[in-house]
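This report refers to the structure that appears directly beneath it.
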Amino acid sequence: MTTLDDTKAPPNYRRLTEGLSLAPRLWSSFGHLGPRGPIDGPPALVIPGFVATDRTTMELRRAFAEGGFRTHPWALGLNRGARSDTLVSLERRLEQIGDGEQVLVVGWSLGGLFARELARHRPDLVSAVVTLGSPFSGDVRGNNVWRFYEWVAGHPVDNPPIPRITDKPPVPTLAFWSRRDGIVAPACARGEPHESDLAIELTCNHMAFSVSRAATRQVVQQTKSFLTANLRSP
């Protein structure tokens, strides 16, 4: 049996497995886009992945709302890749959402890279960072959509307008990854031990991090345990 090198992009045929998530992605996208969860719950911002929107993260935000968080969309439309003003726009969202309180920032795929750099940029506004299948470590081409990314975003993956720093942000940081990821190399989403406080493996494909009811509930359960262990006031 051949063992795949999990530091390299998944084989192209694995992208076909991601297509199986198109139906649940469409089904789970219905509903209002406003804040969800108890009004007095700890605030959480959810950032979608590349060429995804707040509709795509609907199920993920539902899960965090059910878990007691007051979850908010990023409200910046389609994620077309890093822009020079991305962090400034996200900083404004944190200020709006937190209203003086630190915010849990959850990022799926590319959104996780934004979350990590946002926490590095304004750690005073971020309580913790959670990444889901986010390629924050290793080879910048350790995914099988990097050419498409360059075409849409308009810049090389190795020269983005937002720096890709692999060191851990100065806040508690949790990374979810999967060996079944059909888009991102598992090692790139797992990272090295010094690049996050904890890395947790899930058994799901890349899309499922955001659209699967089972996967998103696992994410919330593990996140709450992580926050309890790492925050003074979870």
Side-chain angles (χ1 to χ4, degrees), residues 35-37 41-50 52 54 56-74 79 87 90 93-94 97-98 101-123 125-137 165-178 181 184 186 188-204 206-234:
R36 291 174 177 270
L45 170 66
V46 178
I47 307 176
F50 179 54
D54 290 321
T56 317
T57 61
M58 183 74 76
E59 190 64 34
L60 183 59
R61 284 184 286 115
R62 285 194 187 102
F64 272 94
E66 290 172 8
F69 294 86
R70 183 66 170 173
T71 60
H72 300 260
W74 88 320
N79 185 344
L87 292 184
L90 286 171
R93 284 295 287 153
L94 286 183
I97 292 168
E101 187 177 355
Q102 288 187 320
V103 178
L104 171 68
V105 183
V106 181
W108 170 51
S109 198
L110 177 64
L113 273 66
F114 293 173
R116 287 172 62 97
E117 296 315 312
L118 182 60
R120 210 182 310 278
H121 179 64
R122 289 299 305 270
L125 298 178
V126 178
S127 60
V129 165
V130 177
T131 61
L132 311 170
S134 300
F136 63 85
S137 183
I165 302 172
T166 59
D167 288 344
K168 191 186 89 68
V171 302
T173 305
L174 171 61
F176 288 96
W177 64 283
S178 174
D181 196 313
V184 173
C188 292
R190 180 176 64 241
E192 300 293 333
H194 67 277
E195 293 172 342
S196 66
D197 292 296
L198 181 64
I200 295 178
E201 180 180 4
L202 294 186
T203 305
C204 65
H206 191 76
M207 287 296 302
F209 282 119
S210 181
V211 305
S212 163
R213 180 176 178 83
T216 55
R217 271 60 183 182
Q218 288 181 57
V219 165
V220 173
Q221 180 182 23
Q222 296 286 0
T223 296
K224 292 178 72 173
S225 296
F226 174 77
L227 295 179
T228 299
N230 288 274
L231 296 183
R232 293 179 180 177
S233 300

Hey, does the side chain of Ser210 reach the backbone of Thr56 with a donor-acceptor pair shorter than 3.5 angstrom?
-> yes
Would a distance-only check, ignoring hydrogens and angles, find a side-chain to backbone donor-acceptor pair under 3.5 Å from Asp54 to Trp74?
-> yes
If you look at every heavy atom in His206 and Val184, which pair is closest and at what distance?
-> CE1-CG2, 3.6 Å
Closest approach of Arg70 and Gly41, non-hydrogen atoms and distance?
-> CB-O, 3.6 Å
Closest heavy-atom contact between Phe64 and Leu104?
-> CE2-CD2, 3.9 Å
Are the side chain of Thr71 and the backbone of Arg61 linked by a donor-acceptor contact shorter than 3.5 Å?
-> yes
Considering all heavy atoms of both residues, which atom of Arg120 and which atom of Pro170 are nearest to each other, and what is their separation?
-> CA-CD, 3.9 Å
Backbone of Ser109 reached by a side-chain donor or acceptor of Ser134 within 3.5 Å | yes
Judged by atom type as modelled, is there a donor-acceptor pair below 3.5 Å linking the side chain of Arg190 to the main-chain atoms of Ser137?
-> no
Is there a donor-acceptor pair closer than 3.5 Å between any side-chain N or O of Asp197 and the backbone N or O of Thr173?
-> yes
For residues Val129 and Arg116, report the shortest heavy-atom separation together with the two atoms involved.
-> CG1-CG, 4.1 Å
Interatomic distance, CG@Leu132 vs CG@Asp181, rounded to 0.5 Å, equals 10.5 Å
Look only at the side chain of Arg213 and the backbone of Ala63, and say whether a donor-acceptor pair between them is shorter than 3.5 Å.
-> no
Please list, chain by chain and in numerical order, all residues satisfying ring-ring contact (aromatic ring centres under 6.0 Å, His included) with Phe226, sequence neighbours excluded.
-> none
Can you find a heavy atom in the side chain of Thr223 that is under 4.5 Å from one in the side chain of Leu227?
-> yes
Hey, are the side chains of Val130 and Phe176 touching, using non-hydrogen atoms and a 4.5 Å cut-off?
-> yes
Answer yes or no: is there an ion pair linking Glu59 with Arg217, defined by an N-O contact shorter than 4.0 Å?
-> yes
Answer yes or no: is there a donor N or O on one side and an acceptor on the other, between the side chain of Ser178 and the main chain of Leu202, under 3.5 Å?
-> yes
Test item: Val105 and Phe114 side chains (from C-beta on) under 4.5 Å apart, heavy atoms = no
So how far is it from Ile97 CD1 to Leu45 CG, rounded to the nearest 0.5 Å?
-> 4.5 Å
In this structure, CD of Glu192 is separated from OG1 of Thr166 (nearest 0.5 Å) by 8.5 Å
Report yes if some heavy atom in the side chain of Pro135 is under 4.5 Å from a heavy atom in the side chain of Leu113; otherwise report no.
-> yes
d(Leu174 CG, Asn230 CG) to nearest 0.5 Å is 8.5 Å
In terms of heavy-atom contacts, Ala175 and Ala189 come closest through CB-O, 3.7 Å
For Val103 and Leu125, what are the C-alpha separation, side-chain angles and deciding distance, and is it a side chain to side chain contact (heavy atoms under 4.5 Å, CB included)?
-> CA-CA 6 Å; Val103 178; Leu125 298 178; over 6 Å; no
Can you tell me how far CD of Gln218 sits from CD of Glu201, rounded to the nearest 0.5 angstrom?
-> 11.0 Å
Val106 side chain near Thr57 side chain, heavy-atom distance below 4.5 Å | no
Supply the atom-to-atom distance Arg93 CZ to Leu118 CG, rounded to the nearest 0.5 angstrom.
-> 11.5 Å
Side-chain donor/acceptor of Ser212 to backbone N/O of Phe209, under 3.5 Å | no
